[in-house]
There are 2 protein chains.
Amino acid sequence: MAATMKDIARRTGLGLATISSYFNGGNVREKNRIKIEEAIEELHYEVNEVARGLKTNATRTIGVVIPELNNTFCAEIITGMEDVLRSHGYATIVCDCRTDKKLEREAVEFLIRRRVDGIINMPVDEEGNHLKRFQKMGKPIVLIDRKIQGIDCDSVLVDNKKAAEDAVRYFIGRGHRNIGIIGGPEEVFTAQERMAGYYKALESAGIPVRESLIWHGDYTIQGGVRGLEELVQNNPEMTAVFVTNYEMTMGAMIGVNELGIRIPEQLSMIGFDNLQFARACNPKLTIVAQPTDGIAREVAKVMLNHLENAGETSGELFSEKLETEIIAGKSVRVLA
Amino acid sequence: MAATMKDIARRTGLGLATISSYFNGGNVREKNRIKIEEAIEELHYEVNEVARGLKTNATRTIGVVIPELNNTFCAEIITGMEDVLRSHGYATIVCDCRTDKKLEREAVEFLIRRRVDGIINMPVDEEGNHLKRFQKMGKPIVLIDRKIQGIDCDSVLVDNKKAAEDAVRYFIGRGHRNIGIIGGPEEVFTAQERMAGYYKALESAGIPVRESLIWHGDYTIQGGVRGLEELVQNNPEMTAVFVTNYEMTMGAMIGVNELGIRIPEQLSMIGFDNLQFARACNPKLTIVAQPTDGIAREVAKVMLNHLENAGETSGELFSEKLETEIIAGKSVRVLA
DNA sequence: TTGAAAGCGCTAACAT
DNA sequence: ATGTTAGCGCTTTCAA
């Protein structure tokens, strides 16, 4: 069994409180400090965070619930968050709920049992019922990427409407009029926003929206393949297509390859996320890039704020919208 | 504050032990069972796993230390593992050590403080010193993908030598003689094995190994770009190149695009991992595919075996080598 | 500055 | 089948 503070107390002849105070930055006589440190060294003592958590009612652990770890956008955000959280002494328990509302709810209950100090969630259930019980416990919740109705809490979002607007304007500015879109699931917040941006850009340019140019996908690779095939087949006059997330962008590229379509001669394309993938495409893909690292750091910061200034929360809900950026490649043709 | 078992005891008039026994599958009179369940419902009781962990000296938490979450191979394995571990009631704390030995050691200490029941590690430090203390505590360690010297423990590997051998043979069988390789860091186990496979395939075909055709990369995207550029520049006669991990494969594709090289007319290529990426390449890339999901499930299984049959471990070290597979695309030209 | 002691929420041994 | 109780390793009053 691992050494405990009692062992150190015995070995040094000091009381438990002194040892504890040593670990918690209290004042300890120089002589005793040295004795304690020797004992720690010899006994290979490591603080038991479990016991500490039971006593202090704070586990220094935060739970992260996401729809799909196996999704670059999620993975990148988690990498960034985990990095800053751990450097502040917080552990991160990641739960992948596979885009399933039932699993998402179970994940939250799982985290409640483990008494995490806070939850970071990229929500699948847009009603937010899965979070209500946790919120009632007075512990902080930070939402990433998607807002939900039933829950008032902090969130870190991306300006998705503007992102899509920018992309479509980019096409329009280069002479395109028949612009298709491979959108996301209609019930997902980001998908709605991106679709709204598509509408807005077309409307403000006086281009009528045509239903046949709109494909509602599901944010998966296979959905992207399918979407591209359908759009191409139904719209011989389409000269450009905007794909609204990374997985579908990959799918659209697969579709393009399998149909033997040449980019940008036969079809112009703007994708989403993952600059490296864009560079690996031939020709290099023009994309909308999200500030994943910025999101990650912002989320961690907001969460740490709650945790370290417990009590004195300003009452105001934090809600930031980060900006995206278009990274130009060679996949958009300039029409005469 | 959250409800405790004491609250349930008070509310039902039962003793603590009865409640505890209810939660641990003991026998409880039907009438009392109902009373307990009503109380749970009304009090919104959730077991406190922290207290339970302190008492039982088992946190039902396992730590995972990997070099880079932001790496598809790692992310896929973690997704799979976390899935099966959580369905058995185990939480997973993931620590990304950014391929840094110091951070890796710190991650293990962090996990020791949190008293995880086991550690799963894709090791960066090939001497394994970071794991020694944990191992002395008698808790299980499972290594993924890389073996290390100093530590005797279970491991789940891939037959990397054969993987590389197969790839190079694939080239040879199609008439290639001047075959380049973009290898990994020389100190990394998988990189050594893959390099060994390259040598073996060439030697058994009677083709002399030429140093100029070998590039030692670092398993990063940028390393792949650089490797491809160097190999192409130094070997005008090279007709084929084998890239030995996913990130470098992506990098090599970027390099190919930026140099304007046509595949497979000017250069044949076999990459590594990520079938979807391979399909998105133009032309579709031939790759060596690792059974990531198989690895993930195997690792979780081995770990659960240790945890659930504590004590009666067979003493034998488990070490499985899974097989890879070549998925043919159109990136390898048949030479006359 | 240091020590003694209570108690966080649970499990398990023992008694009933 | 159920109740009583000690104690897991720590923090935190309260005294000294």
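Chain A is the first sequence line, chain B the second, and so forth, proteins listed ahead of strands; every chain is numbered from 1. Everything numeric in this text was worked out from a predicted model, so none of it was measured.
Other residues, nucleotides and ligands contribute more than 12 heavy atoms inside 6.0 Å of the CD atom of Glu187(B).
Across all strands shown, Val28(A) has heavy atoms under 4.0 Å from sugar-phosphate atoms exclusively, and none from any base.
One can place CZ of Arg33(B) at 17 Å from C1' of dT2(D), the figure rounded to the nearest angstrom. Look at CD1 on Ile8(B): it is 13 Å from P on dG3(D), rounded to the nearest Å. At whole-Å resolution of the value, CG in Asn32(A) and C1' in dT1(C) are 9 Å apart. Atom CZ of Arg113(B) and atom P of dG9(D) are 18 Å apart (whole Å). With rounding to whole Å, Leu54(A) atom CG is found 13 Å from dC8(D) atom P.
What you find for Thr72(B) and Glu247(B) is that their closest heavy atoms are N-OE2, 3.7 Å.
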Protein heavy-atom contacts under 4.0 Å, written 5' to 3' over nucleotides 10-16 of chain C as B (base), S (sugar-phosphate only) or - (none), form the string BBBB---
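From Arg29(B), atom CZ reaches atom NZ of Lys35(B) across 10.0 Å, with rounding to the nearest 0.5 Å.
Taking the centre of each ring, Phe23(A) and Tyr45(A) come in below the 6.0 Å mark. Between Phe73(A) and Tyr219(A), the distance separating the two ring centers is not shorter than 6.0 angstrom.
The 5' end of DNA chain D is approached more closely, in terms of each residue's nearest nucleotide, by Gly13(B) than by the other of Gly13(B) and Ala2(A).
With hydrogens and angles disregarded, a donor-acceptor distance shorter than 3.5 Å links the side chain of Arg114(A) to the backbone of Thr59(B). For the pair Asn121(B) (side chain) and Val65(B) (backbone), a donor-acceptor distance under 3.5 Å is present.
Applying the salt bridge (Lys or Arg N to Asp or Glu O under 4.0 Å) test to every pair with at least one member in residues 56-73 of chain A, sequence neighbours left out, gives no pairs at all.
Phosphate proximity of dA1(D) to Thr18(B): absent, as no side-chain N or O sits under 4.0 Å from OP1 or OP2. The phosphate of dT1(C) has OP1 or OP2 within less than 4.0 Å of a side-chain N or O from Asn27(A).
No option in Arg146(A), Lys101(A), Lys147(A) other than Lys101(A) meets the salt bridge (charged side-chain N to carboxylate O under 4.0 Å, His left out) test with Glu126(A).
Comparing the end axes of the helix from dT1(C)-dA16(D) to dT16(C)-dA1(D), each fitted to five base pairs by superposing C1' atoms of four pairs onto the next four, gives an inter-axis angle of 30° (nearest 10 degrees).
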